[in-house]
Amino acid sequence: MSKLAICPSCGKPVYFQGANNVAGCGCGKAWYRSGEELTEVKMQPIHSASEVIQPGTTGSWQGIAFTVTGRLRVRFEDQAYNYWTLDCNDGFTRHLAEGYGLHTILEALAFKEETVARKFRSDAQGLQLPDDRDFSVTARNESRLIEVEGNVLVQGKPDRFNSIEAMSETERVELVAYGETVAVAFDCHDVEPELLFLSNTREAEPEPTIFNCRNCNDQNYVLTFPYAQSWVCTQCGTRHSYLGGQYATRGGQQTYDQEFCFSIGEHLTLEGGDYRVVGLAHKYDTDSRADYWHEYTLYSKLHGFMFLTESAGHWTYLKETRHTPRPGDARLHRIEFDHVQFRRYSKYHYRILYALGEFPGDMFSKHEETECMDYIAPPQILSVEKDHQKRVTWFRGNYVPRAVIAEQAINPLPRAVGVAPTQPARISVGTGSIAKAGVVAWVLAVLVQLLTGSMHSNRVVLDLNYTFADSLNTQLFITEKFELEKESSAMELNFRSPVENSWLELNATLVNVVDGSEYSAEEGVEFYSGYEGGSYWTEGSREGTIHFKKIPAGTYILQLTAARDSNGYSRTSNFSAKLFYDPVTYRNMWIVIILLLIGPLVMGIMRYYSETSRWGNSAFANS
């Protein structure tokens, strides 16, 4: 049911849709409807609106179609939010909270208003609802000004719009007090604006609000007011804010002549949104006293504010999020969130050395007291800020490839130096996966070796023992005939001599007695030992191996030419040898293992140096 009423002030019609009970009139008055009676409330109608959503906008959420009837725009101390009233086709009225690009569907919970209102009389950090659900309070806000567009539904005659935001590990709620004893608790369902399937939206561009500089009296045009409540005079560089209805100056610049890659008014496309550059800032880490960065404040009518940072030629975007880790996780060194493990990278405070343009919230007042912490899981980042009022705000973002920025920037980009905290590793495979790959490669090589080894006969063809004639230092030994059956096979001659501070060289030749073909190879052994400085030392070996490859089948003899040291006191007198036919060899296995491990080894080294560079500036590298 809809109702037309007559404005008691100007006599013009005021439209109320269905059960809605607050509406604004063109004369500047806002009215609360109770039955046939209209009562003025402390609200101001919104003029020259430019938000995408407007009265008459339609959409759907989880299959429920809705029509927007109007909104309350609530200005808190240092932020402004919209609360749209949704007339839904399932017979219920819901609300869409929207501000700074964050969209949340609010569904009223069936608790007594007085019970919820009592929650506002405590400043405890814990919150328990009447159904025994426990939450941690994340923000408390008191309205400074309430504006209305179209017509909306509130509980009771409103004289305030105070808010408590709270969350648990799995859900979030918002409590809204419209009066001393009238308050409603809402379940919050965060939603991306694209998933609301909005149509009949507003196309108007925002009109800037004009403020005169308190220092030079120059006109300052603030495009995104009241969402941006801090700005810098373009004429004299004085910083200003308009918070809670109070105009204040916040000092001047600390550095000048900053070179930025983008200018105020330029447009950027990031993460599927079209943004306009509205603010520039040069910041300094007051804890490390070494880190400086440029920060660009971007604004989109639909997606709100986004922050693009550049440090050492690397780019990262950050956007405020309501989908956050558990309230207590900000104290941890590691956070498991959205099935990703984030590691704490930094904890710092900052100072704004230079700024230009406009910024959301209270940008300049006590900003040096804001405590910041960054958690990384490249290319992702979670950043949390706790301001001087202990309010916690989470931001989530990603590393932005240089090419994405370069194709949109007019000015040249600074050269990228080092590895950024969120820069994706060239080797995206984790250290554990690299190690597993190496182990798998080793196991496969061993299995292949065992399989192929079982196919070899490894038969001893000759077992020999020879003694030198006393008068000879070089002597020829010839074996009896033996048969080789395989078309082609390897052979291995293992020999040993009890050399002591001397040497032995052995030349072995396989001779085919049928066609006279020969296959030769040689190897030597030497062994030395002694005492030096009271310590016993040894060098060399008494054992050697001679390998033959691809020996054809046939009848063979083995000729051994042995040469020994001519020193009569240390020369050896004998040697022994075994000739193996079709032996099992492990050399190929080790070659295969080395080849298979080259990849994991190279990846591991590259990842090690990349991560060492990434964490080189972090105080939490070993946490």
Check side chain to side chain donor-acceptor pair (under 3.5 Å) between [X] and all other residues, then give those that pass, not counting sequence neighbours.
X: Asn217; value: none
X: Tyr32; value: none
X: Asp190; value: Thr104, Arg172
X: Arg276; value: none

Testing the 3.5 Å rule here: is there a donor-acceptor pair between the side chains of [X] and [Y]?
X: Thr370; Y: Asp387; answer: no
X: Thr269; Y: Asp274; answer: yes
X: Tyr275; Y: His303; answer: no
X: Thr201; Y: Thr57; answer: no

Just by modelled atom types, is the [Y] backbone N or O under 3.5 Å from a matching donor or acceptor in the [X] side chain?
X: Asn200; Y: Thr58; value: no
X: Tyr83; Y: Val152; value: no
X: Ser241; Y: Leu243; value: no
X: Tyr345; Y: Thr422; value: no

Check ion pair Asp187-Arg133 (N to O, under 4.0 angstrom):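 Yes, this pair counts.
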Option from Leu86, Leu153, Thr69 for which side chain to side chain contact (heavy atoms under 4.5 Å, CB included) with Thr93 holds: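 Per the side chain to side chain contact (heavy atoms under 4.5 Å, CB included) rule, the option paired with Thr93 is Leu153, out of Leu86, Leu153, Thr69.
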Evaluation steps, salt bridge (Lys or Arg N to Asp or Glu O under 4.0 Å), between Arg391 and Asp362: CA-CA 12 Å; Arg391 291 180 303 184; Asp362 186 3; over 6 Å; no
Flag if over 12 foreign heavy atoms under 6.0 Å of [atom1], [X]:
X: Gln341; atom1: CD; value: yes
X: Glu114; atom1: CD; value: yes
X: Ile210; atom1: CD1; value: yes
X: Lys319; atom1: NZ; value: yes
X: Asp123; atom1: CG; value: no
X: Tyr247; atom1: OH; value: yes

Spacing of Leu298 atom CG and Ser300 atom OG [to the nearest 0.5 Å]: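 OG of Ser300 is found 9.5 Å from CG of Leu298.
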Residue list, side-chain contact (heavy atoms from CB on, under 4.5 Å) with Asp285, at least two apart or on another chain: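 So Asp285 forms a side-chain contact (heavy atoms from CB on, under 4.5 Å) with Asp287, Ser288, Asp291, Trp293, Tyr348.
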Partners passing side-chain contact (heavy atoms from CB on, under 4.5 Å) against Val404 (at least two apart in sequence or in another chain):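 Partners of Val404 by the side-chain contact (heavy atoms from CB on, under 4.5 Å) criterion, ordered by chain and then number, come out as Leu270, Val400, Pro401, Gln408.
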Positive for ring pair (Phe, Tyr, Trp, His ring centres under 6.0 Å) with His95, one of Phe186, Trp61, Tyr81: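 Among Phe186, Trp61, Tyr81, the one that satisfies the ring pair (Phe, Tyr, Trp, His ring centres under 6.0 Å) with His95 is Phe186.
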Test salt bridge (charged side-chain N to carboxylate O under 4.0 Å, His left out) applied to Asp132 - qualifying residues, sequence neighbours left out: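 Salt bridge (charged side-chain N to carboxylate O under 4.0 Å, His left out) check on Asp132 returns nothing, list empty.
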Residues forming a salt bridge (charged side-chain N to carboxylate O under 4.0 Å, His left out) with Glu36, sequence neighbours excluded: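 By the salt bridge (charged side-chain N to carboxylate O under 4.0 Å, His left out) rule, Glu36 matches Lys3.
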Please tabulate, one pair per line, all N/O donor-acceptor pairs under 3.5 Å involving side-chain atoms of residues 221-235, not counting sequence neighbours.
from	atom 1	to	atom 2	distance (Å)
Tyr221	OH	Gln219	OE1	2.9
Thr224	OG1	Glu358	OE2	2.6
Tyr227	OH	Glu51	OE2	2.6
Tyr227	OH	Asn82	OD1	3.4
Tyr227	OH	Asn82	ND2	2.8
Gln229	OE1	Gln79	N	2.9
Gln229	NE2	Pro226	O	3.3
Ser230	OG	Gly361	O	2.6
Ser230	OG	Met363	N	2.9
Trp231	NE1	Asn220	OD1	3.1

Set of residues satisfying ring-ring contact (aromatic ring centres under 6.0 Å, His included) with respect to Tyr292, sequence neighbours excluded: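 His282, Tyr284.
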Any residue meeting ring-ring contact (aromatic ring centres under 6.0 Å, His included) with His323, in chain and number order, not counting sequence neighbours: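 Partners of His323 by the ring-ring contact (aromatic ring centres under 6.0 Å, His included) criterion, ordered by chain and then number, come out as Phe337.
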Whether Trp315 and Phe262 hold their rings parallel, tilted or perpendicular, with breakpoints at 30° and 60°: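 Ring orientation of Trp315 relative to Phe262: perpendicular.
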Parallel, tilted or perpendicular: rings of Phe307 and Phe305 (30°, 60°):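 Answer is parallel, since the angle falls under 30°.
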Can I get a per-line list of side-chain donor-acceptor pairs under 3.5 Å for residues 156-167, giving both atom names and the distance, sequence neighbours left out?
from	atom 1	to	atom 2	distance (Å)
Arg160	NH1	Glu180	OE1	3.4
Asn162	OD1	Ser143	N	3.1
Ser163	OG	Glu174	OE2	2.7

Trace of the side chain to side chain donor-acceptor pair (under 3.5 Å) decision for Gln54 with Arg71: CA-CA 8 Å; Gln54 63 179 342; Arg71 63 161 163 165; over 6 Å; no
Within 45° cone and under 6.0 Å: Arg94 NZ/CZ vs Phe66 ring: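 No.
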